[in-house]
Each structure stands twice: as structure tokens, then as C-alpha cells.
Undergrad: 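Take this structure, written in C-alpha cells, and hold onto it; I'll ask about it next.
Chain letters run A, B, ... following the sequence lines, proteins first and then strands; every chain starts at 1.
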2 protein chains.
Amino acid sequence: MTGPVTLQDVADHAGVSRATASLVLRETGRVSKQTRQRVSEAMSTLGYVYNRGAASLRTQTANTIGVVVTHIASPFFGEVIHGLETGLTASGYLPLLVNTEDDPARQHDAIRKLREHQVAGLAVVPATGTSAALIDELRAWKMEHVLVSRYLKDVNAPYVGADDVVGGRLAATHLLETHGCETLAYLGGLPAILSRTDRTDGVREALLRHGFDASALTDMPGEVSGSGGLELGERLIASGPLPDGIICHSDSVAFGLYRALRIHGLGNDTRVIGYDNIGGAALWEPPLTSVATQGEALGRRAARMLLERIKEPGTPKSIDKTIPELAVRQSCGCP
Amino acid sequence: MTGPVTLQDVADHAGVSRATASLVLRETGRVSKQTRQRVSEAMSTLGYVYNRGAASLRTQTANTIGVVVTHIASPFFGEVIHGLETGLTASGYLPLLVNTEDDPARQHDAIRKLREHQVAGLAVVPATGTSAALIDELRAWKMEHVLVSRYLKDVNAPYVGADDVVGGRLAATHLLETHGCETLAYLGGLPAILSRTDRTDGVREALLRHGFDASALTDMPGEVSGSGGLELGERLIASGPLPDGIICHSDSVAFGLYRALRIHGLGNDTRVIGYDNIGGAALWEPPLTSVATQGEALGRRAARMLLERIKEPGTPKSIDKTIPELAVRQSCGCP
DNA sequence: GAAAGTTGATCAATCGATCTAGCAATAATG
DNA sequence: CATTATTGCTAGATCGATTGATCAACTTTC
């Protein structure tokens, strides 16, 4: 009597067997119109609620996906999470979200927990310092996964992100060609993040191509945040004459840099380019020119890739690097 | 042989019964040191993974919590989600995250889905236009819940948020007393959001107390976003002389307003106060004075309240409104 | 030395669905 | 009319854990 309404109750009420009720539920198999009707009625009059847990136990497949993120509240990852959620729920999956604070130990624990929850797959923004062993583990566990926005050294795992070399080159080229810059700086991002080295590689490549020495680049790693950008900006200003153009590892960093520049009265003379083109960058003063990585679309693609491999385990692993575009506004000096 | 390693396999390998292995697993009951040891070894050598789904089926209690949010990627809710995640995982729960885009229909579907997942409870930022019926349903379903950041008319549901009347009063009082403003505007936020009317009530209250008429307040509802703020700012500017002080429904709105002011060369003369005090507000130009609602702490408190009621179903429902404080910076005209 | 208590482990039922195999009735085929 | 398909439904095993009832062996107590 007490306890939740089960499929058995529905079946009894409709005068059929549990199995038949199940068939109706899943809209599969051969069931006559009348029975289908009766069972449906029974379901709604009894207030039946499908128990996905029980079904998962039997079918050995959950419809939850673990989403492991380094900075849950950052604007860029907010967009990525948004995209992931959209893509997953559209296919009937639900994201189990965990935050690692960019700490590999927490990431490790989080993934263990998600595994106990029988998630069907994992979308991971790997924490800085994650070793290749993580992917080996996931493979050994036969747990489908996709890396998002950051990849790992010497690891051939499914990946969705933007092409960082191109992104760096794009930003640098614009500053060099359109604005005649001769010296550049790259601000923010921890050195261990591969996408960072890719981007600086792209920048250097552009410099060389335009006849400059690699020493024309001031490379300042640092925290990826507004306050990080502020601090880096202060250091850059203190260290002598500013480079002609500054590329920031993220829009947040650029935001902090803006502040540093303003504090020192260096407002509108300096050419700044951000990265990720988060919503709102157009509203800044001056509006921020930024390399558009399209976080939300990226999240959606990650969801799609993951679900594809879950449905069709044979699907070959792919590396999906979108070619970023430069959202040109005024912070770079364009009118 | 194939398939996952089960507790049975562990038990066999350790030469004990399934039941004993379960006791070891849960570190409960009477098990001798030696057996405990043997079972633990068996677990690690076999690579056993706890199946929470199966356990939940038996115990009738999942350890997931549904988190239903209107704007998954907004900076403020990002902080709230961060706090929720922290609070939940600290107690061994995991959040199942869904986004409603502020649409009651999607919210309805989302909650049904979460129910099928047997979530132990629900933390909800109700979509604009959510009816009281939602809470009635949740009660009828005996599903623990807590409303976060927004509450509903005529509904006595557990709630965690900031005191909006106080927030509005705080902002208005500061503008009136410290800066001698005589006319105010409240920008952004849909009229149906109760926290909005509370805030404007607080503002009006402050106006009256200082001898002004309620007509001293220009009340402009609108979308809660940067572009919304930009549009509202444009309209406000077009509608005649600016009020002495402008209070925005969120920092994002204030951000858009900044842009509108800059476009019209009204930069630093206008006194602006934002709402929520999101991280980064200190970096704006000028640094934004904002009513601090502390999204992250709010999320943590919501998690705590919900889990308390789940563990101790008798716990009386409570309304937890923190008293916000004004984070005073320069946008209001303070030095 | 018999009764009572404690310790360590096991048995079997159970949670709520899915799914294979199979059964009865009806329809189609030669 | 006998045979074969097809349709509509059901019985019962199963997924991997938890749990109340039970039990054997060993201590303690009188």
C-alpha cells in the first residue's frame, strides 16, 4: 500500500501483466490499442513515476553523463556547461556536475564517484597537471569520455576545443598587420596548460613570418581570472614600456588588464585582444576584440561527440578543433 | 565472467558471503579484522566498483539532488551553482543540473525528469511565471525542496535568498544620504519577479522616509542581462534628464548601462549601483558599487538547508533571508 | 555444567524495472 | 482441413545491492 507506485501496481490496475505494462511504457512491441489505452489510464490515475534507477540496473546503462569542470563559475566555462546541458538534455541525458577547482586530486575523487553512479560517459575539462594516466584509466574502465577545451600531452583522446595555434596566430596577425605592432605580450594562463603553449606558438609563428624575432614577445604566465589579469597588468606596466599589443589568455584576464591600464592612466592607447569572446565582451569600454572560441557551441559539440560514441561504441575517436575567428571590436585599436 | 565486478564476485574471492562483503563495504556491523582485510583486498584486486544505482533501488534513497536553474551561464547563478555544488558534494551528494531558460514549461518537464531519476531533493530557482501549484505538487510528491534566490507568491516553501526589501533600501539610502540624490531609477528585471517588487518597495520606502514622493522613482523593468541593461540605458537617456542615481537589478544590467552611458558621453557623472556584487565588479571602470547578495554562500546555505530536511524530515520549514550589505566602490560617486 | 549473552557470518527476500522464451488464439496459406 | 504465421500477452529469471531473521561458535555468569 505505502511506498511508490510501481509498474506492478499499474499492471494490476489495468488487468495485465507487468511485462505488458513495460511494453506500453516503452512504446515498443506488440500491444493492442485497447490495452495500451487501459495501461496509460492506469498510469495516470495511479500517478505512476518511472523509476530510471531500476531500469538502469537491469539494462546496465544509465542516462546520466558526468561533467567535470575546473572552474564552475567562470564565465567561459559557464557557457560551455550551458552548451553541454543543452546537448545532453536534448538527447534525454542529464549532466551530473562536479567542480575540481583545477585540482587533479579532487578530479580523481570526482571521477571515482561518477563511476559509482554508473554514468554513461564523461565530459572533462582536465585540471592543470592531469597526467595521461587518467585517460589510460578511463580506457581500461571502458568509460566513454571526451576532453573539452583542454587536452593532454601525448594522449590520443576524443577532444573538442578550438584550434589554439590558429587562435594565437589570428590575434597576433591582426595586431601585426592591421595595427603595425612590433612587440607583443601574452598575458595569463598557467604554463602547464597545453592550449597556452599552442597559442603562444601561434603568436611566435606570426611574429617570425612578419620578420620579427621571437624576443618580440613578452610571455607572462599567470592566473586565469580578473584579479590575475590585474596583477599581471601591474607587473607588465612596472617592467618598462608597454608592448604595442597585448593578447590575453582569457577575456577575464583582459578585464583585469583594463583595470590596471586605467589605474595608470594608460587607457585607450594600448591595443588589447582577449580570448573566448564571452557574452558581454561587446559591452566593455572599449568593446573587447577577442578570439571567439564559442563556449556554448563547443559544449554542444562535446555532448554530441560523446553521445555518438556511447550509442555507437565503434565510432572512431576524433579530435574536433574548430577554427576560431576574431571578433573585431575597438580594444585592438580598430575604429 | 564478463560484465562488471559485483559484490558477489568480491565475496567469492574473499571466501565470504555477499552480505558480509556488504557490511565491510559500508563499514558497519560486526566484522572481524581479518575478514575485513580479506574483503578489502579482494575489492581492490578485482577492481570492484560500488553500484550506487542498485543500492539506491534497495534503500529507496538516491544521493543525487536536482538543481534547477533559470540561467545556467549567468555570472550570478554561476556563483550560486558553485556554492550548491560545494555544499552537496561535501555531504556525498551530486547535483543533477538542468537549465530552464526561465521557461515554466521547460521547468515542469525538467522536474518530471528529475523525479524519474529518484533525486533526493530539489534546489530550484523558479522560472518567472511559476505558479504556486508547483510547490503543491512537490509537497504531494513528498519531494524535499528549497527555493533559491527567488520565491513565489502566497507560498510557504523553504527558501534561501537575500532580503530584497533591505537590499533596495540599502542602495537607495546610500544614494539619498551620502550622495544627496533626489531622484532615482530602478533598471531591469521582469515585473513578475517578486524579488524585484521587494527591492523597489525598499527603494520607495527609503524615498518616503527622506521626504520624497514615490514619483521620484523611475521604474523601468526589462531583461536581466548586459544587452538588456544597454537597451534600458538607451531608453532612460532618451526619455529626458537622467535621475540622480540609478539602481540596477543585477550587475549585468549595470554593465550594459555603463556602456549606454559611455556611448552618450555621460561617463562618470552618473551614480550607479548594481546588484549581487559578482566577482569582477571591483574591476569595472569605475569599480561598481553593488548590493552584495553573495551567490556562492547562498548556494551553500541552500544545500545545507535541503540536506538537513532530507536527513531530518521533521525539520521545520524555514525562510532564510540574509541581510545584504552594500559593497561600496566608486560607481555611486564615492571616492 | 547449564543458561544467557556476544561475536561473526550467512540465507533468502526484496527493491522496480527489463527481457527471453513461450503460450494461446486468430489469420493466412497450401 | 492441416499447417504455418502472426498477434497479443505473460511467467519467471535477472540486474547488484541491502536487510531482517537466523545460526554456529565462543564467552561469561551463576
Undergrad: Provide, to the nearest angstrom, the distance between the NE2 atom belonging to B:His117 and the P atom belonging to C:dA17.
TA: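 Computing the B:His117:NE2 to C:dA17:P distance gives 14 Å.
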Undergrad: Mind calculating the distance between CZ (B:Arg38) and P (C:dG8) to the nearest angstrom?
TA: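 These atoms are roughly 13 Å apart.
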Undergrad: Looking for any heavy atom pair under 4.0 Å, which part of the strands does B:Thr20 touch: base, sugar-phosphate only, or nothing?
TA: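 Base: the residue B:Thr20, judged by heavy atoms under 4.0 Å, touches a nucleobase.
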Undergrad: Would you say the side chains of A:Ser22 and A:Arg26 form a donor-acceptor pair under 3.5 Å?
TA: yes
Undergrad: Let me know the distance between CG of A:Asp9 and P of C:dA17, rounded to the nearest Å.
TA: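 After rounding, the reported distance stands at 9 Å.
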Undergrad: Taking atom C1' of C:dC19 as reference, at what distance in whole Å does atom CG of A:Leu25 sit?
TA: 14 Å
Undergrad: At under 4.0 Å between heavy atoms, what does A:Val49 touch on the DNA or RNA strands: base, sugar-phosphate, or nothing?
TA: sugar-phosphate
Undergrad: Of all the nucleotides listed (C:dG8, D:dT10, C:dA17), which has the minimum atom distance to the side chain of A:Arg18?
TA: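 Of the options given, the side chain of A:Arg18 lies nearest C:dA17.
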Undergrad: Determine whether the side chains of B:His82 and A:Glu101 contain a donor N or O and an acceptor N or O closer than 3.5 Å.
TA: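 B:His82 vs A:Glu101: donor-acceptor pair found between side chains.
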Undergrad: Can you tell me which nucleotide in C:dT10, C:dT18, D:dA17 comes closest to the side chain of B:Tyr50?
TA: D:dA17
Undergrad: Please tell me whether A:Ser56 and A:Gln118 have a donor and an acceptor in their side chains that are separated by less than 3.5 angstrom.
TA: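 Short answer, no.
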Undergrad: Does a side-chain N or O from A:Gln60 land closer than 4.0 Å to OP1 or OP2 of D:dG16, or not?
TA: yes
Undergrad: What nucleotide among D:dA13, D:dG16, C:dA9 has an atom nearest to a side-chain atom of B:Thr35?
TA: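 Looking only at heavy atoms from C-beta outward on B:Thr35, the closest nucleotide is C:dA9.
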Undergrad: Considering every strand and a 4.0 Å limit on heavy-atom distances, what is the contact class for A:Ser56: base, sugar-phosphate, or nothing?
TA: nothing
Undergrad: Between D:dA11, C:dG8, D:dA17, which nucleotide gets closest to the side-chain atoms of A:Ala19?
TA: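 Nearest to the side-chain atoms of A:Ala19, counting from C-beta on, is D:dA11.
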Undergrad: Taking atom NZ of B:Lys317 as the centre, report whether more than 12 heavy atoms of other residues, nucleotides or ligands fall under 6.0 Å from it.
TA: yes
Undergrad: Compare side-chain N and O positions of A:Thr6 against OP1 and OP2 of C:dG16 and report whether any pair is under 4.0 Å apart.
TA: no
Undergrad: With respect to the phosphate group of C:dA17, does any side-chain polar atom (N or O) of A:Thr59 fall under 4.0 Å of OP1 or OP2?
TA: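 Checking C:dA17 against A:Thr59, no side-chain N or O comes under 4.0 Å of OP1 or OP2.
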Undergrad: Base, sugar-phosphate, or nothing: which does B:Arg52 touch, judged by heavy atoms less than 4.0 Å apart?
TA: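 It contacts nothing in the nucleic acid.
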Undergrad: Quickly work out the A:Tyr48 OH to C:dG16 C1' distance and round it to whole Å.
TA: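 It is 7 Å, rounded to the nearest whole Å.
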Undergrad: Measure CG/B:Leu23 against C1'/D:dT22 and give the value in whole Å, please.
TA: 14 Å
Undergrad: What is the distance, rounded to the nearest whole Å, between atom CG of B:Leu57 and atom P of D:dT14?
TA: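 That distance rounds to 17 Å.
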Undergrad: Using atom CG of A:Leu7 as one end and atom P of D:dT10 as the other, report the distance to the nearest whole Å.
TA: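 Atom-to-atom, A:Leu7 to D:dT10, this comes out as 12 Å.
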Undergrad: From the options D:dT18, D:dA11, C:dT18, select the nucleotide whose nearest atom is closest to the side chain of B:Ser22.
TA: D:dT18
Undergrad: State which of D:dG16, C:dA9, D:dT14 makes the closest approach to the side chain of B:Ala54.
TA: D:dG16
Undergrad: Report yes if at least one side-chain N or O of A:Arg58 is closer than 4.0 Å to OP1 or OP2 of C:dG16; otherwise report no.
TA: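 A:Arg58 to C:dG16 OP1/OP2: no side-chain N or O under 4.0 Å.
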Undergrad: Between A:Asp102 and A:Arg150, is there a side-chain N and carboxylate O pair less than 4.0 Å apart?
TA: yes
Undergrad: Kindly assign one of parallel, tilted or perpendicular to the pair A:Tyr151 and A:Tyr159, based on the angle between their ring planes and the thresholds 30° and 60°.
TA: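 Perpendicular, since the angle between the ring planes exceeds 60°.
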